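The next block holds one structure in the form of structure tokens; read it before the comments.
Throughout, protein chains are lettered first and strands after them, A, B, ... in sequence-line order, and every chain is numbered starting at 1. Model, not experiment: these values are computed from the prediction.
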2 protein chains.
Amino acid sequence: MLDLCLWYPNRHKPIMASICPFVKGTSISNANYTMSQPENTSNLAEEEGGTTLSKKAAKKEAIKQEKLKRQQEAAAAAAALAAASIEADPLSENYGEVALPDLQSKAVSGRKWTEVGLVNESLKDKTVLVRGRIQTTRPVGKNIGFLVLREKGFTLQCVLTVADNLVSRQMVKFATSLSKESHVDIEGIVSVPDAPIKGATQQVELQVRKIYGISKALPTLPINIDDAARSEVDIEKALQGGEQLVRVNQDTRLNFRVLDLRTPANQGIFRIQCQVENIFRQFLLSEGFVGIHTPKLIAGSSEGGASVFRLDYKGRPACLAQSPQLHKQMAICGDLGRVFEIGPVFRAEDSFTHRHLCEFTGLDAEMEIKEHYSEVMDVVDRLFVAMFDSLNENCKKELEAIGKQYPFEPLKYLRKTLRLTFEEGVQMLKEAGVEVDPLGDLNTEVERKLGKLVLEKYGTEFYILHRYPLAVRPFYTMPAYDNPAYSNSFDVFIRGEEIISGAQRVHVPELLSTRAEGLGIDLKSIETYIDAFRYGAPPHGGFGVGLERVVMLFCALNNIRKTSLFPRDPQRITP
Amino acid sequence: MLDLCLWYPNRHKPIMASICPFVKGTSISNANYTMSQPENTSNLAEEEGGTTLSKKAAKKEAIKQEKLKRQQEAAAAAAALAAASIEADPLSENYGEVALPDLQSKAVSGRKWTEVGLVNESLKDKTVLVRGRIQTTRPVGKNIGFLVLREKGFTLQCVLTVADNLVSRQMVKFATSLSKESHVDIEGIVSVPDAPIKGATQQVELQVRKIYGISKALPTLPINIDDAARSEVDIEKALQGGEQLVRVNQDTRLNFRVLDLRTPANQGIFRIQCQVENIFRQFLLSEGFVGIHTPKLIAGSSEGGASVFRLDYKGRPACLAQSPQLHKQMAICGDLGRVFEIGPVFRAEDSFTHRHLCEFTGLDAEMEIKEHYSEVMDVVDRLFVAMFDSLNENCKKELEAIGKQYPFEPLKYLRKTLRLTFEEGVQMLKEAGVEVDPLGDLNTEVERKLGKLVLEKYGTEFYILHRYPLAVRPFYTMPAYDNPAYSNSFDVFIRGEEIISGAQRVHVPELLSTRAEGLGIDLKSIETYIDAFRYGAPPHGGFGVGLERVVMLFCALNNIRKTSLFPRDPQRITP
């Protein structure tokens, strides 16, 4: 292994001036934290309350940060003086802050970094080089220092013990003064302690020989990762013991999303999300579907009616697609046979609930059918059973990390997905004393109730409800063959909440025009769409799913903002 | 096998009324076709010319279609009379038009359809059921009829021969009167003829026993698929023989995209496109990248300066993301380590060229780096070599179909991708007599020239040019360690055209602010972005590719509109 020092020759002077601002052990009671309201709710009023509170909090925080910055500058000047003593350390080459230009792709050293998650007993007595973030630091007197290094959710305890020609007091001071969340490179020797290590995932220690700061975090962070990673259960438990732990509310998390994303639960959530998408793709590809991309910029308003984001397109009125519906059907008319699309979907609706976003990721599929919309339900059935199986099988660590902060029961689902007709659902509700309009839609509350009834009767939290009343479905939905009050459509539910809508579509242009006109849609605005069916269009159907909802409901999370990387809702367009 | 008739009991009356509008052998000289200008050019003026011409043409076509519709209605009335004679046919159950409600998911019959591409000698003497489009029909006298059925690019010759109790004259007439591009279900017996079949991909014939129209195409189509599938080479060859064949121009194709998509070349192009995306995903997943989705709705203007689509977001100014640049970097600050995104990218630029679109699919990646931006170039290198290998290996049929209409030479690339510095590139140009500003950007023409020089000298059409002048790169590009006039950035070229841009990014917030300010960017508008680097940010880099450009250049196509399903350019926002 090459000597680290050789690679950071510009390290000395600039580093020393910047060490001191890292104030050890900063632990603040932050205005962004609220003790008063439980975070684990999805109630509208509370969510709005959270927003108001945190806007104020964010302002306060900004002022605080500004103040801190000034303090840091003053501290930096003072540090220049202190640097002198470190300069005198004969081991000073073995530690310090690395500055530009040493981080500007100066050279390729050939050094090998070991991932923190791979540092284990097999490397005992070996020298390894790791890069990670400082999770915590703890000096023990002047001669010993501990720090926990984190990389990709794995943590490693690193130890500095003063010893001749290896570790100096100044080095211990430098290491234990590093601010939380800063990146460091550490070279050290792997040792195996007698007792198990509680504060880290890796059951070995690293005896530090060299330590270099790669990137500094502000000494005071708007969110501490420990606080953001805390479960509601732990907060409640501590409260019973008389201790009030910090609770970070949802809005504060989103304001400082890059910090919030570092919690084990969030690392798990976004890896699960990626996996859901992978399985969606791989399953459909294996069934002969072709992945496509349809335009998000649409002339007029896609699907008519509902709220769309409008914009000017080179002098012409345009809008953002509310779904790839019309274009994926046109791809079917273009003989692609079976298609799917994964892409953003835009809804300008003013729904400020736990399950609506103004921008989300749509998973859409459309396919030729031979006879019956059950062919589409068959695909949905097999796809989602395969997906749930795969998540449970291959994402154990991620699910565990999520469950640790947000405890949940594994989803109950059947090998062959239950299918009920809308009429059967209405009947089940009726028998349970819930009267609903047999030709109307079900509201969220009734859907939840039906979900409970289905779980009790059939033992599943995943089921299909089909043959919806025609009146509550879009114009392109094929009416039922035997009763025009019903349609060849379906919704799919997870834990009592709708996640998928699907249907056979109208492929006969005359009927399509009649249906659209009947619903007051300007035919001129969907002319090219209807024309697409005049050149021979096969019977077809499809479905659409919200990626964020699948992840939210599979993990029984209480808010869709938890499963969107940078969520957009009626009140939020940053960060 | 169940009897087809059982499944379409509502077939009789409504069918007969609608058979006659299918006028046999319609073949028009269409105003949408232009004989005057070669389609195979990428010149600006010609493209614009094409647009103007085809708008007129589209209007003419609309009038014509309207007229045809009226003619059809009249014909339908006359047909009712003619129906009587077919009713008298004792075999009338074996053919006819299937109408609603028989196509409204009436029942699941359990019948099995065989894909046209799978009908071969192994099924000799077997009865099969197929669904496809009528490609051509040809009556031979009154007793024999041929038709070619097409499904997913595969074609099958079907034969009707009048025989007692099997095929009637009326049935032959019905079958050969079906309009091109209509869907039909055919049940028949597979036979193997003595001579090879020239007009179809499948080397067997189907002896038709039953034939039902499933969906009707207009008798006169705005584009004939044969015309749309014709190669420039064939048009030229015919012209030399004194025959003027129809040439469908690019704009007409896009106006009637659902027809244009049915050509073998287009079927190939969009399957290749899907495959490029698959390989991009699979390769990066295998290297520890996580797929993410960043918001397309952005407060202010993403990346500052250039032309963005602006819109109103709940009373606040917003725009569509020009790239996922800022958010993918924030995902890195959120500890996702290595991320990629596949999603739409919006550019409001007025570039009306062969290689620009207002909306395209971006393939983006971002990753932590340890030391050098060459780590990013290593990923690009291995990813694209793997991609080209896989396309050549696994997409032979698709590439052949594309090459048949648009002949091209396979891409020349090396096992280990060539890397040249910008300075070396400038030197090569200089030696070839092309003087360029050593600290400026290269224009498209010069890039082409350099591509030729590289091909001559190194035998590759795929190479990386790195260490670009800093002045021509965005503010977030890391300057070179040794010379602030250069940057840690690169572009990648295929066949002399740029397809990828990448770089190490500035991860130090102070430098980032200075760079942005220096380029006149309002720091307020990118505040949350810059703040993301204050909580500890690892050195990182990444790259972005346009999906449509990769496909266009791999297949040496002349226009990016050929590789976008429903392209958006400054003049086009439909269909």
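In this structure, chain B has a heavy atom under 4.5 Å from the backbone of A:Asp312, while its side chain stays farther away. For a residue to count as touching a neighbouring chain, one of its non-hydrogen atoms must lie under 4.5 Å from one of that chain's; by this rule A:Tyr529 does not touch chain B. A:Arg133 touches chain B through its side chain: at least one heavy atom from C-beta onward sits under 4.5 Å away, while N, CA, C and O do not. When heavy atoms are compared at a cutoff of 4.5 Å, A:Asn266 does not approach chain B at all.
Chosen from B:Thr528, B:Val258, B:Leu565, B:Asp482, the residue pairing most often with chain A at heavy-atom distances under 4.5 Å is B:Val258. Among B:Leu336, B:Ile332, B:Thr574, B:Ile342, the residue making the largest number of heavy-atom pairs under 4.5 Å with chain A is B:Leu336. Heavy-atom pairs under 4.5 Å with chain A were tallied for B:Met330, B:His293, B:Gln275, B:His507; the largest tally goes to B:His293. Your options are B:Glu359, B:Met478, B:Arg316, and the one with the most heavy-atom pairs under 4.5 Å with chain A is B:Glu359. Among the candidates B:Thr263, B:Leu311, B:Asn488, B:Val506, the residue making the largest number of heavy-atom pairs closer than 4.5 Å to chain A is B:Asn488.
Using a 4.0 Å cut-off between charged side-chain N and carboxylate O, B:Lys314 and A:Asp350 make a salt bridge. With respect to the salt-bridge test (charged N to carboxylate O, under 4.0 angstrom), the residues A:Asp335 and B:Arg150 qualify.
If you run salt bridge (Lys or Arg N to Asp or Glu O under 4.0 Å) between B:Glu371 and each of A:Lys106, A:Lys112, A:Arg131, A:Arg111, only A:Arg111 comes through.
Note on ring orientation: taking the six-membered ring where Trp is involved, the planes of A:Tyr535 and B:Phe256 are perpendicular (angle over 60°, cut-offs 30° and 60°). B:Phe566 and A:His327 have perpendicular rings, their planes meeting at more than 60° on a 0 to 90° scale where under 30° would count as parallel.
No side-chain heavy atom of A:Cys274 sits under 4.5 Å from any side-chain heavy atom of B:Ile292.
Scanning both residues, B:Leu297 and A:Phe346, for their nearest heavy atoms gives CD1-CD2, 3.7 Å.
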